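Each ligand, and each atom within it, is numbered from 1 in the order the structure gives. These numbers come from a predicted model, not from an experiment. Position 1 is the first residue of the sequence, and the numbers go up from there. Reckoned from all heavy atoms, side chains included, excluding hydrogens, waters and symmetry mates.
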Amino acid sequence: MTNSNVVLHVADVHKRFGGLHALADIDLQVEEGQTHAIIGPNGAGKSTLLNVIIGKLAPTSGAVVFDGTVLTGKKPYQINQLGIARVFQTPEIFADLSVLQNVMIPALAKRDGAFKLNMLRTLESETEIRAEAEHMLEDVGMISRREMAAGSLSRGDKRRMELAMCLIQRPRLLLLDEPTAGMSRHDTNTTIELLKKIKSRGMTKVIIEHDMHVVFSLADKISVLAQGRIIADGTPDQVRGNPKVQEAYLGGAH
Ligand SMILES: Nc1ncnc2c1ncn2[C@@H]1O[C@H](COP(=O)(O)OP(=O)(O)OP(=O)(O)O)[C@@H](O)[C@H]1O
Ligand SMILES: [Mg+2]
């Protein structure tokens, strides 16, 4: 394991919300091509960490470095343009537009470098991007729902659509905040298979997940957060056997 493989480095990050130390001393190194899971009990700081990485929240101190570029201080759209895409815990979608249109939007935004006002008109005419969006919807098993209004999808389908919205950007780093939240076991398994398929294409992923079945099926490395600190990290086997983890997380969750 050499440092040259590290594509994302969260270096000494602290985040305070008033008196609350939501993140303390966070040092996290994610290697190229790996799936790195962040687990921990409710309120541990997982979403806060993700929001710091994508520039939605500024760290109180410390920095985030992606492929040699310091992200700290950059805007979310600038970080996105550097090749980082994220799936949020609560999907952010255009409810009145069709599934297909929703998936086309990030590709158009990427191509045009910004969100254009005439984009809705453009949506109708872009055959290449439309074909790519259809391909992504096939990948996530949603092609039959492409004409449905996104707002009328089930929670699980919204998450899969949002995954397609990320994949169409062909990011180097994909961040997922509980990608299987609200899904049935069957949909969860479909999503695991999909994420494995993405992994085989070499995409680096950081995944926040409560579902241990998902974590242990996917992760190469796991970092355990509790009360804003990383209390353990290592391979799934190392983390599974760590008594601190069982006490802080696995014990508390069951
Ligand atoms: N914008 C904010 N302002 C103030 N406090 C916040 C803010 N966002 C999060 N917190 C607090 O920071 C702590 C960490 O929250 P965070 O959402 O990162 O946890 P989490 O690990 O993602 O939890 P969950 O598993 O429930 O999603 C919590 O105590 C939360 O209440
Ligand atoms: Mg969260």
Side-chain angles (χ1 to χ4, degrees), residues 8-30 35-64 71-76 79-80 84-93 155-156 158-160 162-163 165-166 173-183 187-188 191-192 195 205-219 221-234 236 239-240 242 244-254:
L8 181 77
H9 186 190
V10 178
D12 274 334
V13 160
H14 289 254
K15 179 65 186 176
R16 291 174 192 277
F17 295 115
L20 177 72
H21 213 155
L23 294 175
D25 252 339
I26 300 292
D27 203 274
L28 191 78
Q29 303 201 11
V30 179
T35 299
H36 195 124
I38 297 168
I39 65 172
N42 289 331
K46 306 181 296 294
S47 295
T48 303
L49 176 57
L50 211 75
N51 284 328
V52 166
I53 294 171
I54 61 158
K56 209 176 172 186
L57 287 173
T60 307
S61 64
V64 180
L71 301 185
T72 317
K74 290 192 190 300
K75 302 229 154 32
I79 291 172
N80 181 241
I84 298 182
R86 87 290 170 274
V87 178
F88 279 121
Q89 196 166 1
T90 315
E92 296 186 352
I93 58 166
R155 210 170 143 200
K158 275 183 191 153
R159 312 224 96 227
R160 279 197 291 207
E162 217 205 5
L163 196 52
M165 292 170 75
C166 284
L173 174 65
L174 180 63
L175 306 172
L176 304 122
D177 196 348
E178 298 195 36
T180 64
M183 285 189 188
D187 282 355
T188 296
T191 305
I192 291 174
L195 293 173
K205 297 195 296 290
V206 172
I207 176 169
I208 288 175
E209 185 57 70
H210 272 301
D211 188 330
M212 287 299 122
H213 171 63
V214 178
V215 170
F216 287 105
S217 306
L218 283 174
K221 208 175 163 201
I222 300 175
S223 296
V224 186
L225 261 182
Q227 296 181 325
R229 290 180 183 273
I230 294 177
I231 59 161
D233 57 14
V239 165
R240 207 197 309 255
N242 187 321
K244 264 200 283 187
V245 177
Q246 288 168 357
E247 188 188 330
Y249 185 67
L250 299 170
H254 297 294

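Shown here are the side chain to side chain donor-acceptor pair (under 3.5 Å) partners of Asp233, two or more places apart in sequence or in another chain: there are none. Shown here are the salt bridge (charged side-chain N to carboxylate O under 4.0 Å, His left out) partners of Asp25, two or more places apart in sequence or in another chain: Arg229.
No donor-acceptor distance shorter than 3.5 angstrom exists from the side chain of Lys75 to the backbone of Gly55, with no hydrogens or angles considered. Counting only distance, with no hydrogens or angles, the side chain of Lys46 and the backbone of Pro41 share a donor-acceptor pair below 3.5 Å.
Listed by number with element, the atoms of ligand 1 under 4.0 Å from a non-hydrogen atom of Thr48 are 9 (C), 14 (C), 15 (O), 16 (P), 18 (O). Near Leu20, meaning under 4.0 Å from one of its heavy atoms, ligand 1 places the atoms 11 (C), 12 (O), 13 (C), 29 (O). Within ligand 1, counting atoms from 1 as listed, the ones closer than 4.0 Å to a heavy atom of Ala22 are 12 (O). Close approach of ligand 1 to His210 is summarised as follows: ligand atoms under 4.0 Å from at least one heavy atom of the residue are 25 (O).
Taking 4.0 Å as the cut-off, Gly40 does not count as a neighbour of ligand 1 on heavy-atom distance.
For ligand 1, the polar-atom distance check against Leu49 finds no nitrogen or oxygen pair separated by under 3.5 Å.
Proximity annotation for atom 24 (P) of ligand 1: of Lys46, Gln227, Glu209, Lys56, Lys46 comes nearest, heavy atoms only. With distances taken over non-hydrogen atoms, the option nearest atom 14 (C) of ligand 1 out of Pro41, Gly228, Gly43 is Gly43.
In this structure, the side chains of His9 and Asp27 come closer than 4.5 Å at one or more pairs of heavy atoms. Under the 4.5 Å side-chain criterion, counting only non-hydrogen atoms from C-beta, Ile192 is in contact with His213.
Here the options are Ile26, Leu225, Leu23, the test is side chain to side chain contact (heavy atoms under 4.5 Å, CB included), and the partner is Thr48; only Leu23 passes.
Using a 4.0 Å cut-off between heavy atoms, Ile208 makes no contact with ligand 1 at all.
None of the N, O or S atoms belonging to Asn42 lies under 2.8 Å away from the Mg ion (ligand 2).
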